[in-house]
Amino acid sequence: RMRALAEFIMRGRMQAIFVVAGAAALPMLFWLSAAAGSLVLLRRGLNDALGVLVWAVLPALAWWYFGDPRTLLVLLGSLGLALLLRSQASWVRVMLCSVGLGLLYVWALGAVFGEPIAALASELQKVLPDALSGAYQQLSVEERGRLESLLAPVLTGLLAALLQVVTLLSLMLGRYWQAALYNPGGFGSEFRTLRFPPLLAVLLLVGMLLGPNLGAQLAVLTPLCSVPLVFAGIALMHGLVAQGRLPRFWLVGLYVTLVLFMQLIYPLLAVLAIVDSLFDFRGRAAGKNGAGPANGEG
């Protein structure tokens, strides 16, 4: 059980080091290392947690040396957002800062995987005429060139957005563990109140829509700016179910369709978040009753 793992991590320094360092060293478990590190940091604070976290950074640096930066990026990203969440207790700020984090991921991925991404983009260029069929033939030479110039930045942005999502999910798992141990139900009530003010929602929308028009390299903003809105859309659905306005099976349907029809549901969630920022479907009083902050100390 996840709670048992969280209890093991918080039992002592050596147990925490065993999990954060072991998960960082194993392939594809870097998200668990980031979640465990986030839990320790959220509960103990940076000064007390440093002696544990440094042991996770060492295998993460080794992975980067061998050509895989994901472990270090997600670990440091989750810890940075955990620091922000601990000091500000604001998921809106965490989500907004994740966009800046995504831009750092773009730079790192470009530095490490620049050549493979460019090679993949050139392969995609060859299949574009078949993939777009008649629509491609109607494009002018200039429009075709512009479309092809967007491929590499968009691919890099999608990879960075995927790491951005994993970073946020790792932080959420750490926060969930913290609430489960010290304030049951706290994370759920905290997450369900996630909602962007209209101005911030519009700025994220502008980043999504105008990024590619401001230059090929800024096309990375489209996937990066969509991530906070999608999380806000998921929080909206959870909030409506918790209030009894929607039956619980809607959440099951949401996650099933998100896996099976992501290209349809993903943008729909972003649109829902933007509309909710204007109309506040959960009501302005939502979240005032309940378990309070997830840290168990507020």
Can you measure from OG (S122) to CG (L124) and round to the nearest 0.5 angstrom?
-> 8.0 Å
Residues A36 and V20: closest non-hydrogen pair is CB-CG1, 3.5 Å
Side chain to side chain contact (heavy atoms under 4.5 Å, CB included) filter on S90, not counting sequence neighbours, yields Q88, V92, R93
Value for CZ (R175) from CD (E190), rounded to nearest 0.5 Å, stands at 4.0 Å
hydrophobic_cluster_shared for L163 and L120, side chain cutoff 4.5 Å | yes
With F191 via ring pair (Phe, Tyr, Trp, His ring centres under 6.0 Å) - residues at least two apart = F187
Minimum-distance pair of heavy atoms, taken over all atoms of P184 and A180 | CG-O, 4.0 Å
Going from CG on L39 to CG on L173, what distance comes out if it is rounded to the nearest 0.5 angstrom?
-> 8.5 Å
Does a side-chain heavy-atom distance below 4.5 Å link L5 with L32?
-> yes
Mind checking side chain to side chain contact (heavy atoms under 4.5 Å, CB included) for F281 and listing every partner two or more places apart, or none if nothing turns up?
-> L236, L240, V275, D276, F279
Within-4.5 Å side-chain heavy-atom neighbours: W177 and L42 | no
Reported OG1-to-CZ distance for the pair T193 and R195, which is rounded to 0.5 angstrom = 10.5 Å
Non-neighbouring partners of P267 that pass side chain to side chain contact (heavy atoms under 4.5 Å, CB included), sequence neighbours left out | none
Would you give the length of the straight line joining atom CZ of F18 to atom CZ of R13, rounded to the nearest 0.5 angstrom?
-> 16.0 Å
Following the transitive rule for hydrophobic clusters with a side-chain heavy-atom cut-off under 4.5 Å over Ile, Leu, Val, Met, Phe, Trp and Tyr, establish whether V154 and L104 coincide in one cluster.
-> no
Quick one: salt bridge (charged side-chain N to carboxylate O under 4.0 Å, His left out) pairs with a partner in residues 20-38, sequence neighbours left out?
-> none
What is the distance from atom CD of Q178 to atom OH of Y176, rounded to the nearest 0.5 Å?
-> 13.0 Å
Hydrophobic cluster membership, V166 vs M262, 4.5 Å side-chain cutoff | yes
Hphob cluster co-occupancy, L162 + M28, side-chain heavy atoms under 4.5 angstrom | no
Can you check whether L101's main-chain N or O pairs, donor with acceptor, with Q164's side chain at less than 3.5 Å?
-> no
Ring pair (Phe, Tyr, Trp, His ring centres under 6.0 Å) partners of residues 204-257, not counting sequence neighbours, each pair once = H238-Y255
Find out whether L171 and W91 are in side-chain contact, i.e. whether some heavy atom of one side chain is under 4.5 Å from a heavy atom of the other.
-> yes
Within one Ile-Leu-Val-Met-Phe-Trp-Tyr cluster: W107 and L72, side-chain cutoff 4.5 Å | no
With side chain to side chain contact (heavy atoms under 4.5 Å, CB included) as the test, would you mind laying out the steps for L29 and T71 before giving the verdict?
-> CA-CA 8 Å; L29 280 183; T71 302; over 6 Å; no
Derivation of the side chain to side chain contact (heavy atoms under 4.5 Å, CB included) call for L159 and I117 | CA-CA 10 Å; L159 291 172; I117 290 173; 3.9 Å; yes
Contacts table for residues 220-228: side-chain donor-acceptor under 3.5 angstrom, sequence neighbours left out:
from: T222; atom 1: OG1; to: M208; atom 2: O; distance (Å): 2.7
from: S226; atom 1: OG; to: P223; atom 2: O; distance (Å): 2.7
from: S226; atom 1: OG; to: Y266; atom 2: OH; distance (Å): 2.8

List the atom pairs, with distances to 0.1 Å, where a side-chain N or O of residues 59-69 and a protein N or O form a donor-acceptor pair under 3.5 Å, not counting sequence neighbours.
from: W63; atom 1: NE1; to: A24; atom 2: O; distance (Å): 2.8
from: W63; atom 1: NE1; to: A25; atom 2: O; distance (Å): 3.4
from: D68; atom 1: OD1; to: R70; atom 2: N; distance (Å): 3.1
from: D68; atom 1: OD1; to: R70; atom 2: NE; distance (Å): 2.9
from: D68; atom 1: OD2; to: R70; atom 2: NE; distance (Å): 3.3
from: D68; atom 1: OD2; to: R70; atom 2: NH2; distance (Å): 2.8

Are any of the side-chain heavy atoms of L258 and L269 separated by less than 4.5 Å?
-> yes
Nearest heavy-atom contact between A160 and V106 is CB-CG2, 3.5 Å
Chi angles and distances behind the side chain to side chain contact (heavy atoms under 4.5 Å, CB included) call for L204, L200 | CA-CA 6 Å; L204 289 170; L200 294 180; 5.6 Å; no
Does the side chain to side chain contact (heavy atoms under 4.5 Å, CB included) test come out yes or no for L194 and M95, once each step is laid out?
-> CA-CA 9 Å; L194 172 60; M95 291 292 166; 4.0 Å; yes
Please name the pair of heavy atoms, one in A121 and one in L151, separated by the smallest distance, quoted to 0.1 Å.
-> O-CD1, 3.6 Å
Please walk me through it: do E7 and R11 pass salt bridge (Lys or Arg N to Asp or Glu O under 4.0 Å)?
-> CA-CA 6 Å; E7 289 173 344; R11 194 172 297 162; 5.4 Å; no
Kindly write out the residues that satisfy side chain to side chain contact (heavy atoms under 4.5 Å, CB included) with L205, not counting sequence neighbours, or none if the list is empty.
-> L209, I274
Side-chain atoms of residues 73-84: list all donor-acceptor pairs with protein atoms under 3.5 Å, sequence neighbours left out, distances to 0.1 Å.
from: S78; atom 1: OG; to: V74; atom 2: O; distance (Å): 2.9
from: S78; atom 1: OG; to: T167; atom 2: O; distance (Å): 3.2

Donor-acceptor list for residues 44-54 side chains, cut-off 3.5 Å, not counting sequence neighbours:
none

Pairs satisfying ring pair (Phe, Tyr, Trp, His ring centres under 6.0 Å), at least one member in residues 195-218, at least two apart | none
